[in-house]
Amino acid sequence: MCGIAGYVGSREAVSIVLDQLKRLEYRGYDSAGVAWRSGNGIAILKKEGRLDRLFQEVTQTKPTAHIAIAHSRWATHGKPSDENAHPHTDATNRIAVIHNGIIENYIELYQEMLQEGEVPLKSETDTEIAAHLIGREYQKTGDFVEAVRSAVRKLRGAFAMVILCEDEPDKIVAVRNASPLVLGIGESENFLASDIPALLPYTRDVIVMDEGDLAVITSDRIHLEDAAGRPKLPKITHVDWDIEAAEKGGYEHFMLKEIHEQPDAIRACLAGRLMKDGTVKLGDTLDEKVWTGFDRILIVACGTAYHAGLLGEFLFEGILRVPVEVYYASEFRYNNPILRPTDLVLFISQSGETADTLAALRLVKEEGIPTLGIVNVVGSSIARECDSVLYTQAGPEICVASTKAYSAQVASLALVALYASHLRGGDREKTARLQTALAAMPEFLAEVLRRREEIEAVAHDIHQAPLMFFLGRGADAAVALEGALKMKEIAYIPTQESPAGEMKHGPLALVENGVVAIFGITNPVTRDKSLSNVKEVAARGGTTVGIILDSDPLSAEVLDRSIRIPHIDSPTIAAAVSALPLQLLAYHVARLRGCDIDKPRNLAKSVTVE
Ligand code: G6P
């Protein structure tokens, strides 16, 4: 997500933290800012857009400081703008805060603070609320570190936060809670950053902060304590990675890194939305009468986002019993779509800039039909032009092949389905099952990742196949399309994907020795039918691989190879989780075939031409 940098020592601090930010540029951002301790207090510069714009401003100011923090923002709350860029300050401008992640309870905290007096807001961010909260605590005690401790106890969510205080010009306080933060140790100087690449030119001795840790950093000392305030002995790690490896967090490719980020991406997507009591909050959303009034849902998207939309169809039709139609955005405009005022149209897009999806959105808007965007990139065109937007919160995705954005799109669709179900009285039992499965989705994904070696072993067995089938029934058939897309995108293996039951109507003719068929079998209701299809393939010499549930030993006996995922009671979430092994299979097959995984030939991450 966002980039964090910090420095305290005898060198010129501002140029060091800006250089650190530059080294995090590859992650994507929409605005940036820096705070340093000048002779008159804390000085701040922040700018929307590329880092160069901030650099120009800084150059004119010619700061000399020995302590500074800097931030590149990837918007989550509030559009990209100068005002919303970090650092943010409290009411007295003595506290400056930069932050990664999301503070879930920022509205509650704001309301609580309002009871004690005015909160003069300068931005639309959750971060500014944290700055005010720390500022208020500081006013009570005059103890900077204690003020951070007590404010952090009140914050809920996933965040890494770094704070400067005007009255303590030699100290940076940093807190880690679910978002990464790394400290770098120098000689009479210390550094901090959200990611190791920002530290490597300066030091290779780092301390990776643990969950809940708080650090007080001065030029000659790092004090570390755990969430309970108990001092800890820092564990220093020497990093040998080169810069390129460091950018990928030690993974060989961005794709692998992003596959592994999925549990966190879904946590961020659900944070502050799926509440413990099962209710769903979507924040600023469409009018209630739209939510209760629609009698059909259209979903429009391209590529992987379209495949997420196909799972949306199962979610909405299952729980709400309203008809859903899913369209390729490139087809939508030219197929004379029937649009009615009682439709709700969802547009799904990682980038928010895909030209076909944007053109379809404009057509629907001309008709005055309500539109909801499910978008990853904050402030993108689709996000801005939809009547309302639900951000998927997956964080920047760099690999051309989409992985974590897909999972977050499905989780977002599930949130929308639950939200509508609560308002409209959807199927109670299915709603409850979906709620439970969605809340546990990050843990299901994490469990599949723990089994990654089994998946890699299957990739070894099948990587030379001349043709691969991707098959399933119901939601598994929708995921089969995504599995096939991953395989052809990055491993360049021809694929044939369809509902498993369709095989006998033609595609089965392609099966012969050496051909591999990968089945999704994650729904007990259709399991036996799918196993019949497995046997049809095996009888013709094909190799069969299945993604199956832990609770299904029978399928494992019938298949040549099986990859197990945890038992999940919601068929749509089970199918969505089964996409992760398919992503890993494609990744390892591509790697074994020597393909350029992060930048596959002929393809682009964001397709802005129709
Ligand atoms: C390109 C990307 C895909 C993506 C599709 C739709 O083809 O390579 O990964 O699924 O565009 O992009 P969007 O940004 O609208 O989700």
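Just so you know, ligand 1 is whichever comes first in the structure, and atom 1 is the first atom listed for that ligand.
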Under the side-chain hydrogen bond (donor to acceptor under 3.5 Å, both in side chains) rule, what do S72 and E25 come out as? Steps first, then yes or no, please.
CA-CA 8 Å; S72 50; E25 220 177 353; over 6 Å; no
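When Q262, E482, E258 are each tested for a side chain to side chain donor-acceptor pair (under 3.5 Å) with Q583, only one passes: Q262.
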So what's ligand 1 close to, N/O to N/O, under 3.5 Å?
from	atom 1	to	atom 2	distance (Å)
ligand 1	8 (O)	A604	O	2.9
ligand 1	9 (O)	V400	O	3.2
ligand 1	10 (O)	T304	N	3.0
ligand 1	12 (O)	T354	OG1	3.3
ligand 1	14 (O)	S349	OG	3.4
ligand 1	14 (O)	Q350	N	3.4
ligand 1	14 (O)	S351	N	2.7
ligand 1	14 (O)	S351	OG	2.6
ligand 1	14 (O)	T354	OG1	3.4
ligand 1	15 (O)	S349	OG	2.6
ligand 1	15 (O)	T354	OG1	2.5
ligand 1	16 (O)	Q350	N	2.6

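Applying the ring pair (Phe, Tyr, Trp, His ring centres under 6.0 Å) definition to pairs two or more places apart or across chains, those involving residues 306-331 are Y306-Y328, Y327-F332.
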Would you give me the side-chain donor-acceptor pairs under 3.5 Å for residues 412-419, sequence neighbours excluded?
from	atom 1	to	atom 2	distance (Å)
S412	OG	A408	O	2.7

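Remark: side-chain polar atoms of Y29 are paired, donor with acceptor, to backbone N or O of L51 under 3.5 angstrom.
Scanning for side chain to side chain contact (heavy atoms under 4.5 Å, CB included) contacts around A465 gives M468, V516, with sequence neighbours left out.
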